[in-house]
Amino acid sequence: MTETEANTFSTGEAPTGLLSGGPAGEPVDGGTAVGGGSAYQRIGGAVAVQAAVRIFYDRVLADPELAGYFESVEMAGQRRHLALMLTVLLGGPDTYDGRGLTEAHQGLGIPPAHYSMVGGYLVATLEWMDVPADVVADIRAALVRVEPQVVTGGDARV
């Protein structure tokens, strides 16, 4: 898929099999399923991750309850950081050099409901892009694991 094709996905036209990949059982932490490669490879690599990040942030920024968190954020850098973090999480090359989750979210006062909404947008984006169910399930589990690093109190479930 080209960059131009990836850009069209944020307009609402559903991709066909964009991120569908190899056999089930691929852990998101970079392990490999038989014949499938890493989750990062299975979903289509950098172009697919960048498309997912673009669509995800388009959805989050369109939500009036969440957009305020990003008013003073330089979004090109924010998108780049999330793409690099997802790349690592999916077993792709580890070139992330940004702040940790705790430091990045310190002082934002993110309540569980907003964390859940953001996680829901990520999961919905991945499902819309036809990411294999096992990869989505692993991303969902990762969201639960890192919740304490982002949320200020409470117990959200994505």
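Remember, it's a predicted structure, so these values are computed and weren't measured experimentally.
L126 CG to I139 CD1: the interatomic distance, rounded to the nearest 0.5 Å, is 6.0 Å. Rounding to the nearest 0.5 Å gives a distance of 13.0 Å between CG of D63 and CG of D58. In this structure, T95 OG1 and L84 CG are separated by 4.5 Å, a value rounded to the nearest 0.5 Å. To the nearest 0.5 angstrom, Q78 atom CD is 13.5 Å from Y69 atom OH. Taken from CZ in F56 to CE in M129, the straight-line distance is 13.0 Å, to the nearest 0.5 Å. With rounding to the nearest 0.5 Å, the separation of CZ in F70 from CG in L61 is 6.5 Å.
Under a 3.5 Å cut-off, the side chain of Q50 and the backbone N or O of V47 do not form any donor-acceptor pair. Judged by distance alone, with hydrogens and angles left aside, the side-chain atoms of H105 form a donor-acceptor pair with the main-chain N or O of L101 at under 3.5 Å.
Residues meeting the salt bridge (charged side-chain N to carboxylate O under 4.0 Å, His left out) test with R80, sequence neighbours left out: none. Partners of Y121 according to the ring pair (Phe, Tyr, Trp, His ring centres under 6.0 Å) rule, which considers only residues two or more places apart in sequence or in another chain, do not exist here. With sequence neighbours excluded, the residues forming a side chain to side chain donor-acceptor pair (under 3.5 Å) with E127 are R140, listed by chain and number. Scanning for salt bridge (charged side-chain N to carboxylate O under 4.0 Å, His left out) contacts around E65 gives an empty result, with sequence neighbours left out. Taking V53 as the reference, V49, Y57, R79, L82, A83, L86 meet the side-chain contact (heavy atoms from CB on, under 4.5 Å) condition, with sequence neighbours excluded.
At least one side-chain heavy atom of P132 sits under 4.5 Å from a side-chain heavy atom of I43. Counting only heavy atoms from C-beta outward, the side chains of T87 and P93 approach each other to under 4.5 Å.
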Side chain to side chain contact (heavy atoms under 4.5 Å, CB included) assessment of R59 paired with L66: CA-CA 10 Å; R59 292 175 175 187; L66 302 173; over 6 Å; no
Working for side chain to side chain contact (heavy atoms under 4.5 Å, CB included), residues Y115 and L143: CA-CA 9 Å; Y115 181 80; L143 289 168; 3.8 Å; yes
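At a threshold of 4.0 Å, the pair D138-R145 does not count as salt-bridged, since none of the basic side-chain nitrogens sits closer than that to a carboxylate oxygen.
For residues 72-102, the set of pairs meeting the ring pair (Phe, Tyr, Trp, His ring centres under 6.0 Å) definition, not counting sequence neighbours, comprises H81-Y96.
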